[in-house]
Amino acid sequence: MLLARLAQVSREVAAASARSRKTALLAELFREAAAEDVPVVIPYLAGRLPQGRLGVGWKVLGRPVPPAAEPSLTVREVDARLTGLGEVSGPGAQAERARIVGALLAAATEDEQRFLLGLLTGEVRQGALDAVAVEGLAAATGAPAADVRRAVMLAGSLRTVAAALLADGPPALERFRLTVGRPVLPMLAHSASSVAEAVAKLGACAVEEKLDGIRVQVHRDGRTVRIHTRTLDDITDRLPEVHAAALALPGERFVLDGEVISFTAEGRPRSFQETAGRVGSRLDVATAAAAVPVAPVFFDALSVGDRDLLDLPFAERHAELARLVPEPMRVRRTLVAGEEDVPRAEEFLARTLERGHEGVVVKGLDAPYSAGRRGASWLKVKPVHTLDLVVLGAEWGHGRRTGRLSNLHLGARTEDGGFVMLGKTFKGLTDALLAWQTERLRELAVEEKSWGVLVRPELVVEIAYDGLQRSTRYPAGVTLRFARVVRYREDKRPEEADTVATLLAAHPQVRP
DNA sequence: TTCCGACAGTGGGGTCGCAAT
DNA sequence: ATTGCGACCCCACTATCGGAA
């Protein structure tokens with residue numbers, strides 16, 4: 001199959017607004033694809049490369065290449081060239097990557113170039129990724145969409161399921177069950193603004209501490225242990241402590257879900273930055289582990305022995321977890337029968353925060369484990385802080401925000417009446433607010449840049465954020481975590497904005 | 001008819017490892 | 001030795017579609 005066909009369908013999918021239309025377009029293409037092309041066609045139309053990321057970004061891709069007049073590239077040839085691209089390393093790698101990409105783009109028509117650049121940057125912008133591709137695959141094969149979705153979650157891979165399904169039809173889905181040693185996509189949580197709100201939604205529930213570390217799924221089969229991240233990367237080699245802890249548990253076969261985090265000698269959690277840095281260290285793990293030891297803390301059991309627990313209610317999965325894992329290696333929790341217990345749950349949240357953790361996750365006791373989904377039965381509750389800051393500049397947006405000033409530069413007041421930048425945000429803005437701020441900020445502009453504008457510090461904006469973290473990038477030595485716009489404060493003058501000093505005073509545990 | 005769950009898109013900061021400078 | 005880039009951790013929020021209520 002020619003790449004041109006995929007590029008054409010991708011353009012049509014992007015142009016269609018109805019999801020049902022996108023699904024139909026994808027299904028048609030999947031039916032056309034020859035068996036050998038399927039392992040490439042499916043991920044490409046889901047907006048991803050089967051090889052994953054290839055080490056090329058805008059630095060290499062930014063240089064325009066004259067397009068070919070006629071399409072000639074086949075999907076398999078493109079796939080082979082990109083596999084080669086992924087294998088480039090060592091001195092001269094950047095030039096070699098640029099050469100390979102340049103040659104590929106030169107062989108591509110304008111339409112194909114656009115599609116390839118989207119794939120390589122991970123931004124196809126066709127309004128369809130894995131989920132719509134799953135729908136398309138179901139439509140193409142006549143398999144129920146829910147069954148296909150479930151198989152993909154359990155396989156952790158759309159490509160594998162697609163190949164099996166197109167080769168053997170719907171019965172192939174039976175093969176995709178939870179298997180010890182093969183990671184499944186983890187269940188995720190929604191947010192709630194308070195414990196009371198979460199309990200009102202869920203009824204009988206468990207309130208568990210939320211640790212600010214790295215999510216892990218730990219598989220043990222006999223003496224073999226594998227540790228995977230949220231995106232199913234294998235990080236076993238980086239976490240010898242977790243490996244040892246899994247082998248020390250009194251069970252030969254299991255799959256557990258939890259968080260890896262580093263504690264100080266006093267038992268306080270280290271900052272996310274420290275834990276993430278440790279888990280990210282690959283070269284000298286022993287030295288990293290000596291400086292920042294980590295520990296697993298589990299909260300769910302997906303499989304124990306030969307039993308697949310995914311469809312059991314959380315209460316039963318947790319009972320299995322408690323049989324296998326000793327208390328200190330499980331998250332702290334309290335059980336709540338209903339709304340009459342809300343004060344106790346709030347007390348639990350307060351104590352969890354005192355211990356230095358992020359917040360809590362409220363979990364319905366009846367719900368199954370929804371692999372790969374943001375289940376309605378897990379609700380995280382974290383304290384939200386707010387500040388009144390001043391807009392110092394703004395950057396032009398991309399995609400659907402093209403032509404709008406989108407990403408705001410946020411400043412706090414200093415003692416001498418000036419402002420220092422604390423970070424940026426683009427979140428929390430409605431289309432109407434985007435339009436309004438674009439106009440307003442252009443009026444206030446004192447300097448036009450290629451990337452946006454610098455403005456007179458006059459607009460005050462209320463910003464919500466999750467906490468403070470150290471920064472080497474910003475002059476105050478700190479930056480906001482997960483900053484987002486709440487509203488503009490046109491009733492406030494910049495002299496009334498919050499200062500760096502008040503910000504630091506509100507977070508005494510974080511020092512620049 | 002209205003409501004709400006699921007998705008895609010739009011990017012944020014930090015840290016590590018690698019290659020270029 | 002330092003710098004820049006890309007991958008991958010953490011993530012919030014809005015718009016939209018389409019099925020559920």
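Naming: A, B, ... by sequence-line order, numbering from 1 per chain.
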**OP:** Dump the intermediate steps for salt bridge (Lys or Arg N to Asp or Glu O under 4.0 Å) on A:R278 and A:E241, then the final yes or no.
**Re:** CA-CA 12 Å; A:R278 160 58 211 281; A:E241 306 100 310; 2.8 Å; yes

**OP:** For A:R401 and for A:I214, find the nucleotide of DNA chain C with the closest heavy atom, then tell me which residue's nucleotide is more 5'.
**Re:**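 Its nucleotide being nearer the 5' end, the pick is A:I214.
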
Subject >> A:L54 vs A:A483, nearer the 5' end of DNA chain C by closest nucleotide >> reply: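 Closer to the 5' end of DNA chain C: A:L54.
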
Residues in contact with DNA chain B, drawn from [range] - heavy-atom cutoff 4.0 Å:
{"range": "residues 502-512 of chain A", "answer": "none"}
{"range": "residues 367-398 of chain A", "answer": "A:R373, A:R374, A:E395, A:G397, A:H398"}
{"range": "residues 115-127 of chain A", "answer": "A:R125, A:Q126, A:G127"}

Not counting sequence neighbours, which residues clear salt bridge (Lys or Arg N to Asp or Glu O under 4.0 Å) with [X]? List them please.
{"X": "A:K363", "answer": "A:E208"}
{"X": "A:D147", "answer": "none"}
{"X": "A:R330", "answer": "none"}
{"X": "A:R374", "answer": "none"}

Original post:
Just how far, in rounded Å, is C1' of C:dC9 from CG of A:L239?
Top reply: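 My rounded result for the distance is 12 Å.
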
**OP:** Figure out the NE2/C1' separation between A:H190 and C:dC11, and round it to whole Å.
**Re:**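 Interatomic distance, NE2 of A:H190 to C1' of C:dC11: 15 Å.
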
May I ask you to evaluate whether [X] reaches the phosphate of [N], defined as a side-chain N or O under 4.0 Å from OP1 or OP2?
{"X": "A:S406", "N": "B:dG11", "answer": "yes"}
{"X": "A:T425", "N": "B:dG11", "answer": "no"}
{"X": "A:R230", "N": "C:dC10", "answer": "yes"}
{"X": "A:R53", "N": "C:dC8", "answer": "no"}
{"X": "A:N407", "N": "B:dT10", "answer": "no"}
{"X": "A:R473", "N": "B:dG14", "answer": "yes"}
{"X": "A:Q469", "N": "B:dG13", "answer": "no"}
{"X": "A:K210", "N": "C:dC11", "answer": "yes"}

Original post:
Do we see a donor-acceptor contact under 3.5 Å between the side chains of A:Y369 and A:D311?
Top reply: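 No, no side-chain donor-acceptor contact under 3.5 Å.
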
**OP:** Summarise protein proximity over nucleotides 15-21 of chain C in one line of letters, 5' to 3': B for base, S for sugar-phosphate only, - for none, counting protein heavy atoms closer than 4.0 Å.
**Re:** S-SS---

**OP:** Give the B/S/- string for nucleotides 16-21 of chain B, one per nucleotide from 5' to 3', where a protein heavy atom under 4.0 Å of the base yields B, of only the sugar-phosphate yields S, and otherwise -.
**Re:** SSSSS-

**OP:** Determine the contact category for A:D212: base if any of its heavy atoms lies under 4.0 Å from a base atom, sugar-phosphate if only primed atoms, P, OP1 or OP2 are that close, otherwise nothing.
**Re:**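 Nothing: the residue A:D212, judged by heavy atoms under 4.0 Å, touches no strand.
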
Tell me whether [X] is salt-bridged to [Y], with the criterion being a basic N under 4.0 Å from an acidic carboxylate O.
{"X": "A:E135", "Y": "A:R149", "result": "yes"}
{"X": "A:R215", "Y": "A:D257", "result": "yes"}
{"X": "A:E447", "Y": "A:K449", "result": "yes"}
{"X": "A:D212", "Y": "A:R481", "result": "yes"}
{"X": "A:K424", "Y": "A:E395", "result": "yes"}
{"X": "A:D234", "Y": "A:R226", "result": "yes"}

Subject >> Residues in side-chain contact (heavy atoms from CB on, under 4.5 Å) contact with A:R99, at least two apart in sequence or another chain >> reply: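 Partners of A:R99 by the side-chain contact (heavy atoms from CB on, under 4.5 Å) criterion, ordered by chain and then number, come out as A:E96.
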
Distance-only criterion, 3.5 Å: show the donor-acceptor pairs between side-chain atoms of residues 192-204 of chain A and protein atoms not counting sequence neighbours.
| unit_1 | atom_1 | unit_2 | atom_2 | d |
| --- | --- | --- | --- | --- |
| A:S193 | OG | A:E197 | OE1 | 2.4 |
| A:S194 | OG | A:E197 | N | 3.0 |

Subject >> Close side-chain approach of A:L389 to A:L422, heavy-atom, < 4.5 Å >> reply: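 Contact flag for A:L389/A:L422 side chains = yes.
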
From C-beta outward on [X], which listed nucleotide comes closest to its side chain: [options]?
{"X": "A:L129", "options": "B:dG9, B:dT10, B:dG14", "result": "B:dG9"}
{"X": "A:F272", "options": "B:dG14, C:dC9, C:dC11", "result": "C:dC9"}
{"X": "A:R484", "options": "B:dC7, B:dG13, C:dC13", "result": "C:dC13"}

Subject >> salt bridge (charged side-chain N to carboxylate O under 4.0 Å, His left out) pairs, two or more places apart, involving residues 459-471 of chain A >> reply: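 The answer is A:K382-A:D466, A:E462-A:R487, A:E462-A:R489, A:D466-A:R484.
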
Original post:
For the residue pair A:F482 and A:H385, is the inter-centroid distance of their aromatic rings smaller than 6.0 Å?
Top reply: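 Aromatic pair excluded; centres sit 6.0 Å or further apart.
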
Subject >> A:L480 vs A:G399, nearer the 5' end of DNA chain B by closest nucleotide >> reply: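 Checking each residue's closest nucleotide, the 5'-ward one belongs to A:G399.
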
**OP:** Could you please name the partner base of C:dT3, counting Watson-Crick and G-U wobble pairs only when both distances are under 3.5 Å?
**Re:**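 When the pairing criteria are applied, B:dA19 turns out to be the nucleotide that pairs with C:dT3.
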
